[in-house]
Peer 1: 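Shown below is the structure under consideration.
Just so we're on the same page: letters track the sequence lines, and every chain starts at 1.
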2 protein chains.
Amino acid sequence: MTKATGIASRLSKAGYRLTPQRIMILDAIEGASGHISAEEIYQKIKALYPGLNISTVYRTMELLKETGMVTETDMGDGRVRFHSVGHEHHHHLVCSRCGAVIDLDEAVLAPLTTLLTEKFGFSADLKHLAIFGHCKDCDR
Amino acid sequence: MTKATGIASRLSKAGYRLTPQRIMILDAIEGASGHISAEEIYQKIKALYPGLNISTVYRTMELLKETGMVTETDMGDGRVRFHSVGHEHHHHLVCSRCGAVIDLDEAVLAPLTTLLTEKFGFSADLKHLAIFGHCKDCDR
DNA sequence: GGGCTTATTGCAACTCGTCGCAATTACAAA
DNA sequence: TTTGTAATTGCGACGAGTTGCAATAAGCCC
């Protein structure tokens, strides 16, 4: 109930109820460094509050995504990861052969999003993108 | 055994066995116009050959992806779609609010892939990408 | 054609994520 | 503080996709 107070109040101001489950989930996300999976959030909380259900975690993440407080990234390992928004956005180059991950600054994709807006009136949601391919070492 | 002969021989030349299941799956993909899901492939074939197992379809698609004969696209509807390579690649702008899909020419992403190669030595595999966001009508 | 080797298949069990529904509960209003 | 009600939760069942393992069979060699 400490660190997540800011996000929590934003949630309640947006018209959503502040349940203990949500508060604990928010805490878990804020407390986590970097990316965290739904299962990890679930396990963290279950230690203190065994009543929590995994589907509540998924539904809360859905909510946080919609309200833009969290982003979702599929790093290709069969497990989606979440990341609280607030710091600069960044992207990932994921090598599908060796699994290496290269971090990519948001600026690299800026020209693309601009182009999509101008040409198609489409505002791309590229807060946290994973691009698959082959890294230098694995390239044929 | 008719249309897919070309792809089939490519498969066998690559050192993979040509099983009846694989031939039927290749036929189904070639026969399909545009995108097709694993379930659709499965149902198509099961009518003629009930012995087929769905996991064989998935494993074959994995194989075809690796050998670059097929691309995979997640259109955000909870069902991945496949598409045989050979025609020009294209991409999709998917509106996460109304579900509209705008087709995008490959050329639009060419500058990005070039940049990634030059700057990071990373060859991005952007044969069939779905970019999520909001379309003109759904934009806030 | 017949045998041998190893890739491939079918099966069953599993994981991640979603959904419908009934029970609970946050929060606004009295 | 009590009540009313719609949002939220837990639960169980489901759907998509993956995996380990034993049985099968494609394709090579003779």
Side-chain angles (χ1 to χ4, degrees), chain A residues 1 4-5 8-26 28 35-46 48-67 70-82 96 99 130, chain B residues 1 5 8-26 28 35-46 48-67 70 72-82 96 99 130:
Chain A
M1 289 171 235
T5 315
S9 72
R10 280 178 61 195
L11 249 199
S12 90
K13 266 172 203 154
Y16 298 104
R17 291 189 184 167
L18 269 189
T19 66
Q21 291 92 333
R22 284 183 179 165
I23 292 172
M24 286 189 285
I25 290 170
L26 288 173
H35 308 87
I36 187 170
S37 70
E39 186 62 28
E40 283 165 345
I41 295 170
Y42 177 59
Q43 291 301 342
K44 252 189 179 181
I45 299 172
K46 223 187 169 184
L48 312 167
Y49 180 76
L52 182 73
N53 192 280
I54 185 77
S55 60
T56 301
V57 177
Y58 281 112
R59 282 189 280 226
T60 302
M61 300 320 292
E62 190 60 38
L63 187 71
L64 295 176
K65 269 191 288 171
E66 269 167 28
T67 51
V70 143
T71 57
E72 186 191 65
T73 316
D74 180 355
M75 306 279 279
D77 67 338
R79 219 188 192 81
V80 166
R81 315 254 160 189
F82 302 95
S96 23
Chain B
M1 293 168 234
T5 313
S9 71
R10 280 179 62 196
L11 249 199
S12 89
K13 266 173 203 153
Y16 297 103
R17 291 186 183 169
L18 268 189
T19 66
Q21 291 91 333
R22 285 184 179 165
I23 291 171
M24 286 189 284
I25 291 170
L26 288 172
H35 307 86
I36 187 170
S37 70
E39 186 63 28
E40 282 164 346
I41 295 170
Y42 177 58
Q43 291 302 340
K44 253 191 178 179
I45 299 172
K46 223 188 169 183
L48 313 166
Y49 179 75
L52 183 73
N53 192 279
I54 185 77
S55 61
T56 300
V57 176
Y58 281 113
R59 281 189 278 225
T60 301
M61 299 321 292
E62 190 59 37
L63 187 71
L64 295 177
K65 268 191 288 170
E66 269 167 27
T67 51
V70 144
E72 186 190 65
T73 316
D74 181 355
M75 307 280 278
D77 67 338
R79 220 190 193 81
V80 166
R81 314 256 160 187
F82 301 95
S96 25

Peer 1: Provide, to the nearest angstrom, the distance between the OH atom belonging to A:Y42 and the C1' atom belonging to C:dT18.
Peer 2: 16 Å

Peer 1: If you look at every strand shown and take non-hydrogen atoms under 4.0 Å, does A:P20 touch a base, only sugar-phosphate, or nothing?
Peer 2: sugar-phosphate

Peer 1: With heavy atoms of chain B within less than 4.0 Å as the criterion, where does contact along DNA chain D begin and end?
Peer 2: D:dA16 to D:dG27

Peer 1: OP1, OP2 of C:dC16 versus side-chain N and O of A:R79: anything below 4.0 Å?
Peer 2: yes

Peer 1: Whole angstrom is fine here: how far is it from CE in A:M24 over to P in C:dA26?
Peer 2: 11 Å

Peer 1: Without decimals, in angstroms, what is the distance between A:E62 CD and C:dC16 P?
Peer 2: 18 Å

Peer 1: Rounded to whole angstroms, how far apart are CG on A:L63 and P on C:dT18?
Peer 2: 13 Å

Peer 1: For nucleotides 9-11 of chain C, which of its nitrogen or oxygen atoms have a protein nitrogen or oxygen under 3.5 Å away, and what is each distance?
Peer 2:
from   : atom 1 : to    : atom 2 : distance (Å)
C:dT9  : OP1    : B:T19 : OG1    : 2.9
C:dT9  : O3'    : B:Q21 : NE2    : 2.8
C:dG10 : OP1    : B:Q21 : NE2    : 3.1
C:dG10 : OP1    : B:G51 : O      : 3.3
C:dG10 : OP2    : B:N53 : N      : 3.3
C:dG10 : OP2    : B:T56 : OG1    : 2.6
C:dG10 : N7     : B:R59 : NH2    : 2.9
C:dG10 : O6     : B:R59 : NH1    : 3.4
C:dG10 : O6     : B:R59 : NH2    : 3.2
C:dC11 : N4     : B:S55 : OG     : 3.4

Peer 1: Test: side chain to side chain donor-acceptor pair (under 3.5 Å). Region: residues 11-22 of chain A. Which pairs qualify, not counting sequence neighbours?
Peer 2: none

Peer 1: As a quick check of understanding, evaluate salt bridge (charged side-chain N to carboxylate O under 4.0 Å, His left out) for A:K65 and A:E62, giving each step before the final call.
Peer 2: CA-CA 5 Å; A:K65 269 191 288 171; A:E62 190 60 38; 3.3 Å; yes

Peer 1: For A:E40 and C:dG17, what is the distance between atoms CD and C1' respectively, to the nearest whole Å?
Peer 2: 16 Å

Peer 1: Between A:F82 and A:A38, which heavy-atom pair has the shortest distance, and what is it?
Peer 2: CE1-N, 4.0 Å

Peer 1: B:L11 has an atom CG; how far is it from atom P of C:dA7, in whole Å?
Peer 2: 16 Å

Peer 1: Could you give the CD1-to-C1' distance, from B:I23 to C:dT8, as a whole number of Å?
Peer 2: 13 Å

